[in-house]
Amino acid sequence: MDWGNVTAEDLIDALREVDWSTPPRPLSEFFSRFTLPRSYSKWSSRLKCNFYYYRTNYFIMIVFILGMGFLRRPIAIVAAFLTALSIAFLNDSFAGTFSEKVTRTVRQFSPHLAAKMRPPLTPVIRGRPSAKRSILICGRPRWVFVLIFSSVSFILWFVSCSILTVLWALAIGLLATILHASFRTPNLKARLNTFREEFRAVWRNYSEL
């Protein structure tokens with residue numbers, strides 16, 4: 001993939017649809033080799049490539065920095081967790097995996113309730129789905145859970161009086177992410193992973209035709 005021609009909107013769409021269940025990259029690889037970008041185009045391409053490849057590492061790093069800032073404020077830790085969860089719900093893969101795990105857990109106690117949490121079946125016409133299936137969580141639209149968790153986390157942020165602390169923690173986390181993505185030299189594994197994700201996306205679109 002030519003990351004220099006990828007727009008910010010394309011990158012956000014890719015991060016929303018990509019599978020986030022993969023484990024983070026090893027620390028030996030994450031802190032392996034750093035070099036200065038030779039030009040603005042090289043820096044922009046490297047930034048997008050590293051954002052995509054080390055997405056899980058960056059997410060964990062930001063959550064860790066937030067947690068370190070709220071060690072003495074347990075309410076703020078819960079607020080940070082709910083905020084991260086509401087953001088994670090925007091990813092298709094995470095939302096589907098979360099819904100499936102919750103449904104399986106509920107099935108052990110109430111099979112009838114778990115059946116109601118199942119998403120409706122998509123009608124199939126001539127062997128093809130009639131419409132693209134929307135993302136549901138426990139049988140409800142995804143935006144319902146995003147709105148609920150975001151509202152609760154906002155209330156907890158306000159109660160804990162940690163707005164200024166979270167702004168500083170987010171600023172430090174985002175700065176560390178940008179610095180790492182700017183100076184971490186993309187390796188061959190990152191490029192091969194990009195090609196693999198592209199193949200999966202093409203194959204997924206082909207199978208939906």
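Listed here is the closest heavy atom pair of Ser32 and Ser28: CB-O, 3.4 Å. Closest approach of Glu29 and Arg184 over heavy atoms only: O-NH2, 2.8 Å. Between Ala84 and Val63 the shortest heavy-atom distance is CB-CG2, 4.4 Å. The shortest non-hydrogen separation linking Ile60 to Pro24 is CD1-CG, 3.8 Å. For the residue pair Ile65 and Ala169, the shortest heavy atom distance occurs at CG2-O, 3.7 Å.
In this structure, CG on Leu47 lies 9.0 Å from OH on Tyr40, to the nearest 0.5 angstrom. For the atom pair CZ of Arg46 and OG of Ser41, the computed distance is 11.0 Å after rounding to the nearest 0.5 Å. The distance from atom SG of Cys138 to atom NZ of Lys101, rounded to the nearest 0.5 Å, is 13.0 Å. Annotation: the span from Ile62 atom CD1 to Leu170 atom CG amounts to 7.0 Å, rounded to 0.5 Å. Atom CG of Leu147 sits about 12.5 Å away from atom CZ of Phe89, to the nearest 0.5 Å. In this structure, CH2 in Trp143 is found 12.0 Å from OG in Ser150, a value given to the nearest 0.5 Å.
You'll find the side chain of Thr35 stays beyond 4.5 Å of the side chain of Phe183, heavy atoms only.
Both Ile75 and Leu85 belong to a common hydrophobic cluster when Ile, Leu, Val, Met, Phe, Trp and Tyr are linked at side-chain heavy-atom distances under 4.5 angstrom. Under the 4.5 Å side-chain heavy-atom criterion for grouping Ile, Leu, Val, Met, Phe, Trp and Tyr, Ile87 is not connected to Val144 through any hydrophobic cluster. Leu175 and Phe34 end up in the same hydrophobic cluster when Ile, Leu, Val, Met, Phe, Trp and Tyr side chains are linked at under 4.5 Å. The cluster map of Ile, Leu, Val, Met, Phe, Trp and Tyr, joined by side-chain heavy atoms under 4.5 Å apart, puts Phe149 and Val78 in the same cluster. No continuous path of hydrophobic side-chain contacts links Phe109 to Phe98 [ILVMFWY only; heavy atoms under 4.5 Å].
Listed for the Arg25 side chain is no donor-acceptor partner under 3.5 Å among the backbone atoms of Asn57. Panel note: side chain Arg142, backbone Leu90; a donor-acceptor pair is recorded below 3.5 Å. A donor-acceptor pair is defined here as one N or O able to donate and one able to accept, closer than 3.5 Å; no such pair exists between the side chain of Ser110 and the backbone of Val106. Under the 3.5 Å distance criterion, the side-chain polar atoms of Ser86 are left unmatched by any main-chain donor or acceptor of Val146.
Both tests do not hold together for Arg140 against Phe145: distance to the six-membered ring centre under 6.0 Å, angle to the ring axis within 45°.
Around the CZ atom of Phe30, the shell of radius 6.0 Å holds more than 12 heavy atoms that belong to other residues, nucleotides or ligands. Surrounding CZ of Phe64 are at most 12 heavy atoms belonging to other residues, nucleotides or ligands under 6.0 Å away.
Side-chain N/O atoms of His180 and Tyr58 include a donor and acceptor closer than 3.5 Å. At a cut-off of 3.5 Å, with distance as the only test, no side-chain donor of Thr177 or Arg55 sits close to an acceptor on the other residue.
Screening residues 169-182 for salt bridge (Lys or Arg N to Asp or Glu O under 4.0 Å) gives no qualifying pairs among residues at least two apart or on separate chains.
Partners of Thr83 according to the side chain to side chain donor-acceptor pair (under 3.5 Å) rule, which considers only residues two or more places apart in sequence or in another chain, are Ser153, Trp157. With sequence neighbours excluded, the residues that form a side chain to side chain donor-acceptor pair (under 3.5 Å) with Trp43 are Ser182.
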